[in-house]
Amino acid sequence: MPQQPRCHVWTTIRGFWERGEWAECIRLVKAVVDADPYDASQRYLLARLYLKVGNQRHALIQFEKLLPLCVGRGDLYRALAMQKQVDELSPSSGQQEGRYEAMQRWFRSLGIRSQAVREGGVLQPLLFLSLASTGFTRAAEACVVERLDPGVHEREGTPGTLWITLLGELRCAEADARATWNPERDLEEGHFVLVDPSILASRRYRFEALSPADLLRLPGEVT
């Protein structure tokens, strides 16, 4: 099967997904991954599909391949998410003390020097890497991977809650203090949503997943 542009993969499998034809979705995405083993986004989608059908063993294999791939590329947030996924599917992994400290040391060794916390819609990793090792580990352990199927999902965020887009494309709207929805904004992989830390009450957010999507959420009490 010829390799397809990334933007066309979801278009190709969308009809099969909507009909619940998971075997065909897996076949098509696996062909793309086989053609380009280093395409992290499509391998991530393949892992999500295996989770969808309850095949945890094959999902774990994909996440175990993704972890060093994301670490090697300097993709901190996806690396954290992959470690969380591996921990969830392989209980022995979660017993390896110091795994987050080791990850932090590796990313620091990459020489990230940018002092910018935000560049466009992307949250820069220096914000996390500059923490003390205990703080980094605490933040990493508190992170949660949220899986969103295509459609509309509402979430509540306490002040300081952070969501980072790991996979897929979404639209996001925030409800203000009067419960009025503000205009939507587009989110792509790497983009983030931060609940204003200075407000006193939680806020409602509406995420419309345009394709299968994953978010890394860090609770407000940790940020």
Side-chain angles (χ1 to χ4, degrees), residues 37-41 43-48 50-51 56-148 155 157-168 187-195 197 213-223:
Y38 298 102
D39 188 329
S41 292
R43 188 177 290 280
Y44 196 165
L45 177 58
L46 180 60
R48 282 275 268 107
Y50 283 131
L51 287 177
Q56 295 189 344
R57 184 173 69 87
H58 280 77
L60 177 59
I61 290 172
Q62 298 306 320
F63 287 129
E64 288 177 335
K65 290 181 178 180
L66 279 163
L67 179 54
L69 181 61
C70 294
V71 169
R73 290 183 173 182
D75 191 340
L76 173 64
Y77 303 121
R78 270 192 179 173
L80 285 171
M82 295 309 107
Q83 183 65 67
K84 302 290 288 189
Q85 304 271 26
V86 170
D87 290 351
E88 179 181 336
L89 296 172
S90 178
S92 62
S93 172
Q95 298 173 8
Q96 297 174 9
E97 294 185 5
R99 62 195 184 287
Y100 290 120
E101 290 91 335
M103 183 182 293
Q104 184 187 31
R105 287 195 298 271
W106 166 257
F107 277 96
R108 282 179 170 177
S109 75
L110 297 179
I112 297 173
R113 294 287 182 264
S114 173
Q115 295 299 314
V117 172
R118 307 177 185 180
E119 291 183 5
V122 177
L123 190 70
Q124 297 304 298
L126 187 66
L127 178 69
F128 285 85
L129 296 179
S130 61
L131 295 171
S133 60
T134 53
F136 181 86
T137 297
R138 179 169 172 263
E141 290 177 344
C143 285
V144 176
V145 177
E146 295 188 353
R147 305 183 186 110
L148 306 181
R155 295 288 187 270
T158 56
T161 297
L162 173 69
W163 285 281
I164 300 172
T165 308
L166 303 170
L167 176 72
L187 298 177
E188 298 179 357
E189 293 172 6
H191 288 182
F192 73 98
V193 173
L194 175 64
V195 183
D214 271 21
L215 298 169
L216 184 69
R217 175 172 59 85
L218 183 64
E221 58 269 20
V222 180
T223 56

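Expressed to the nearest 0.5 Å, how far CD of Gln104 lies from OG of Ser109 amounts to 11.0 Å. Atoms CG and CZ, from Leu162 and Phe128 in turn, are 5.5 Å apart once rounded to the nearest 0.5 Å. To the nearest 0.5 Å, the span separating CG on Leu66 from CD on Gln83 amounts to 12.5 Å. With values rounded to the nearest 0.5 angstrom, Leu110 atom CG is found 9.5 Å from Leu76 atom CG. Put simply, CD1 on Ile164 and CZ on Arg217 are 12.5 Å apart, with the number rounded to the nearest 0.5 Å. Atom CG of Leu216 sits about 12.5 Å away from atom CG of Leu167, to the nearest 0.5 Å.
Taking all atoms of both residues into account, the shortest heavy-atom contact from Arg99 to Asp87 is NH2-OD2, 2.9 Å. Heavy-atom minimum distance, Pro197 versus Pro159: O-CB, 3.9 Å. Taking every heavy atom of both residues into account, Cys143 and Leu218 meet most closely at SG-CD1, 3.7 Å. Here the closest heavy-atom approach between residue Leu194 and residue Gly160 is recorded as CD1-O, 3.6 Å. Closest of all the heavy-atom pairs between Arg108 and Leu131 is NH2-O, 2.7 Å. Residues Gln62 and Ala47 share a closest heavy-atom pair of CB-CB, 3.7 Å.
Panel note: side chain Thr165, backbone Phe192; no donor-acceptor pair is recorded below 3.5 Å. At distances below 3.5 Å, at least one donor-acceptor pair connects side-chain atoms of Arg48 with backbone N or O atoms of Ala213. Remark: side-chain polar atoms of Arg78 are paired, donor with acceptor, to backbone N or O of Leu166 under 3.5 angstrom. Judged by distance alone, the side chain of Arg43 and the main-chain N or O of Tyr38 form no donor-acceptor pair under 3.5 Å.
In this structure, a donor-acceptor pair under 3.5 Å is present between the side chains of Gln85 and Arg147. Between the side chains of Thr134 and Thr137, no donor-acceptor pair is found at a separation under 3.5 Å. A side-chain donor-acceptor contact under 3.5 Å links Ser41 and Glu189.
Residues Glu141 and Lys84 are not paired through a salt bridge, judged by the lack of any N-O separation under 4.0 Å between the basic side chain and the carboxylate.
Using a 4.5 Å cut-off on side-chain heavy atoms (C-beta onward), Val86 and Glu64 make contact.
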- Can you list the steps and then say if Val195 with Thr158 is a side-chain contact (heavy atoms from CB on, under 4.5 Å)? CA-CA 7 Å; Val195 183; Thr158 56; over 6 Å; no
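Annotation: ring-ring contact (aromatic ring centres under 6.0 Å, His included) contacts of Phe136 (sequence neighbours excluded): none.
Relative ring orientation between Tyr50 and His58 is described as tilted, the plane-to-plane angle lying within the 30° to 60° band.
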